[in-house]
Amino acid sequence: MRTHTCGQLRATDVGSSTTLCGWVQNNRDHGGVIFIDLRDRHGLTQVVFDKDICGEEGKALADKLRGEWVVQVTGEVRSRGEKNANKNLATGAIEVFAKTLTVLNQAQTPPFEIDEHAKVGEEVRLKSRFLDLRRPAMQKRLIARHKAMQSARRFFDANGFVEVETPALCKYTPGGARNFLVPSRLHQGQFYALAESPQLFKQLLMVAGYDRYVQIAKCFRDEDLRNDRQPEFTQIDLEMSFIDMEDIMGIGEGMARTLWKEVLGVDLPAPFRRMTWTEAMNSYGSDKPDLRFGMPIIDLTDWAPTSGFSVFQKAVEAKGVVRALNAKKANELLSRRTLDTLTEFAKGLGAKGLAWIKIGADPSKAEDWQGPAAKNITPEARAELARRLDVGPGDVLFFGADSFKGVCTVLGAVRVELGRNLLKLAKWDDWQFLWVHSAPLYEWSEESHSFVANHHPFTCPYPEHVQFLASDPGKVLSKSYDMVLNGNEIGGGSIRIHDAATQGAVFRALGISEEEAQKKFGFLLHALSFGAPPHGGMAFGLDRLIMLMTDAESIRDVIAYPKTQRGRDEMLDCPTPVSDRQLKDLHIVTTVQQA
RNA sequence: GCUCUCAUCGUCCAACGGCCAGGACACCAGAUUGUCGAUCUGGGAAUGCGGGUUCGAUCCCCGCUGAGGGCGCCA
């Protein structure tokens, strides 16, 4: 139907005949001559209708064209000349003088403009996603996603990985993310679960001897949604045998470097920076620190009792911590009003308040220390504080006094809010990659008053920490690693346990009995007893990777058909109720009265 | 489960509790031979739903629905 795309013709094609197909982007009627911008995903080409060439009939038909009509145009490629060339268009050196015009399909006026410049709300875009996907910005992101997937597959193939598909329909496993359940028609009252990840299948592939496995896998989690979380998302999932942490981190880095090179044309430095989980939490209040700016968090717990400020003193007496960060030279940028907003922000995260001090021109003068915490601090404590926080003229200090976890949450979030939004210290394409490794194997759960697995119960502890499993589980660190980019966890994994003795000790520390372990994970334990090789792996969040690579505002902008925050598909308008007949076939009764 | 923000023409925004709810783009009609986010003239087009306060509500209050951000959750 066409000889060229709308992004293809150049000055060298002048004089030749061409047939183009596409959507009418724009219609400029000058009376004697009509210009049409014809669009497809490859670009725009200007088509000219002149009655001397297309005839009175052709011109009359061109006059009827409206936005988004689908047309086929045959004509002659002519040079626009120096004066009329459009330098903003790849095809701007030429234009097509139409001889014949065929309307392939008419179109209703779209609910929003298919235009790069138009600002359109997301709800409207999602309702007519097929129109939204016509826009160049969305096409650019989906094509980047395609390139990244191809690039990743080539990388893993070249490194000896085998891509194996694993089931989406699998077994409900307790713990971890909530599963979507799928009722079985053939087995009354029984359910499959949609896979929240291929974790167990890939470990079994290692037992089966597949060495190096990779899969671009759909995963399903019935949890609440976020800016970077969808109920259905894609992982680049991998697992390797006869390796240790270094090997996996090497492959992970290699993949990231390949993607950035092949999709963005960017050379990433090697090797990536590394820090332990403990360092990350202590210095940045987060297990996924954004390193595009500094502002480290400084511990002041030993200073607090001498500070003279009772809020700090009481926090320490309650076995909490006192920490602070210094926003250098931020005084002018942070108005009193902004600081009030930031205080509300901190309260929203569970803080009782947010103590801050604005430093004036001369940090040695008491009157140049202003803010809710300033006047309570003794002169001696102030001098010590100035030394520890490297206080200079125009700085603004922020304090957190609470439990370790509470202070990390609040100061970690305040630091990011300052760096990204208030002080604008972060550029989207300043790629600060980082490995955060060796997280604690267990985390104390206030809810259940017991230790729970931080990652999953097959994560391997450091051999030298195994001795603490029974006596002091909180001290045990794991062979785990997360790849972090600009404050986002883009991938993570661990070395797995492959011997029964360690696995038993880990289960005991979690309070899982032999019997319970058999019931929940029997099939994996069974498989591990048949000669499981030492193995480990990781998984990347493909959607998040693409979101960061394309500077998208949310994960929804890199998914062709995403769900809203409440898990609805605005275009299909689902989920929906089903008929009584369907429910009957599935042996299901709902407790909800349908309208 | 909790919390915050938002909801006005097709779209994006505006409107001290009071005047015909205003503008831009889009759309429709007309004009126009070199535009390209064309231009000019004219036109049609809206306060999410349900209560309340008030002489009077787009505006204030309550509830609902929907969208978005966050906490919890996401081993």
Side-chain angles (χ1 to χ4, degrees), chain A residues 25-38 44-52 59 63 66-68 78 80-81 83-89 91-92 95 108-128 131 173-179 196-197 199-200 219-231 233 341 344-351 406 409-410 413 416-417 421 439 441-443 445-447 451-459 478 480 489 492 494 510 512 520-521 541 553-554 556 563-566 568 570 573:
Chain A
Q25 173 71 36
N26 201 344
N27 185 341
R28 295 179 295 279
D29 181 353
H30 287 255
V33 64
I34 296 173
F35 298 100
I36 299 287
D37 289 334
L38 201 59
L44 283 178
T45 300
Q46 175 164 284
V47 179
V48 186
F49 292 91
D50 184 318
K51 70 174 187 309
D52 294 339
K59 193 160 163 299
D63 190 45
R66 292 294 178 267
E68 301 308 311
R78 292 195 187 175
R80 292 216 208 171
K83 198 173 122 232
N84 286 324
N86 185 344
K87 291 185 178 60
N88 299 321
L89 231 49
T91 61
E95 59 196 348
Q108 292 184 40
T109 301
F112 53 88
E113 293 163 63
I114 314 299
D115 186 324
E116 311 179 58
H117 311 283
K119 274 200 307 176
V120 187
E122 195 171 4
E123 202 174 346
V124 182
R125 288 170 48 202
L126 288 180
K127 275 194 174 128
S128 304
L131 296 177
T173 49
R178 202 175 286 121
N179 290 107
E196 64 188 59
S197 82
Q199 181 63 36
L200 297 171
C219 304
F220 306 88
R221 295 182 185 174
D222 190 6
E223 295 292 346
D224 287 353
L225 276 47
R226 287 288 187 284
N227 187 35
D228 61 353
R229 280 172 19 196
Q230 282 274 305
F233 62 102
T341 308
E344 288 307 309
F345 173 77
K347 282 182 180 169
L349 296 167
T409 302
V410 173
V416 168
E417 180 67 14
N421 300 332
L441 189 61
Y442 302 105
E443 194 179 30
S445 166
E446 285 296 333
E447 198 182 328
F451 281 100
V452 296
N454 208 341
H455 192 51
H456 61 60
F458 315 112
T459 301
S478 63
S480 65
E489 183 198 322
S494 62
L510 288 167
I512 298 174
K520 287 178 176 171
F521 308 109
E553 282 180 20
S554 86
R556 295 182 297 277
K563 307 283 189 286
T564 68
Q565 200 175 47
R566 294 190 61 238
R568 292 200 67 83
E570 288 281 317
D573 193 25

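Every chain is numbered from 1, with letters handed out A, B, ... down the list of sequences.
Of the candidate nucleotides B:rU35, B:rU33, B:rC73, B:rC73 has the atom nearest to the side chain of A:R178. Closest to the side chain of A:V33, out of B:rG68, B:rU35, B:rU33, is B:rU33. In this structure, of B:rG66, B:rG68, B:rG72, it is B:rG68 that holds the atom nearest to the side chain of A:R556.
In this model, the phosphate group of B:rG69 is approached by a side-chain N or O of A:N227 to a distance below 4.0 Å at OP1 or OP2. Between A:R28 and B:rC40 there is no side-chain N or O to OP1 or OP2 distance below 4.0 Å. Within the 4.0 Å cut-off from OP1 or OP2 of B:rC28, at least one side-chain nitrogen or oxygen of A:R66 is found. Side-chain nitrogen and oxygen atoms of A:T109 include none within less than 4.0 Å of the OP1 or OP2 phosphate oxygen of B:rC27. Dashed line: the shortest gap from a side-chain N or O of A:Q46 to OP1 or OP2 of B:rU35 is not under 4.0 Å.
Summarising the base pairing, B:rG48 is matched to B:rC64 through a Watson-Crick or G-U wobble pair whose two defining distances lie under 3.5 Å. With a cut-off of 3.5 Å on both Watson-Crick or G-U wobble distances, the partner of B:rC20 is given as none.
Residue A:R226 is classed as a base contact, given a heavy-atom separation below 4.0 Å to a base. A:A177 comes within contact range of the sugar-phosphate backbone alone, with a heavy-atom separation under 4.0 Å but no base atom that close. At the heavy-atom level, A:R125 lies nowhere under 4.0 Å from the strands shown.
For A:D224 and A:R229, the salt-bridge test fails: no basic side-chain N is under 4.0 Å from an acidic carboxylate O.
A:E68 has its side chain within reach of A:I114: a pair of non-hydrogen atoms, C-beta onward, lies under 4.5 Å apart.
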For a quick check, with a 4.0 angstrom heavy-atom cut-off, what is the B/S/- contact string for nucleotides 43-49 of chain B, read 5' to 3'?
-------

In 5'-to-3' order, the base (B), backbone-only (S) or no-contact (-) status of each nucleotide in nucleotides 2-10 of chain B, using a 4.0 angstrom heavy-atom cut-off, is --------B

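Taking atom NZ on A:K347 and atom C1' on B:rG70, their separation rounds to 17 Å, with Å as the unit.
B:rA31 sits 26 Å from B:rG23 when the P atoms are compared, rounded to a whole Å. Comparing the same atom, P, in B:rC4 and in B:rC16 gives a spacing of 25 Å after rounding to whole Å. The separation of B:rU3 from B:rC60, taken at their C1' atoms, amounts to 23 Å, rounded to a whole angstrom.
In this structure, A:H30 forms no aromatic stack with the base of B:rG34, since the conditions of centre separation below 5.5 Å and plane angle below 30° are not both met.
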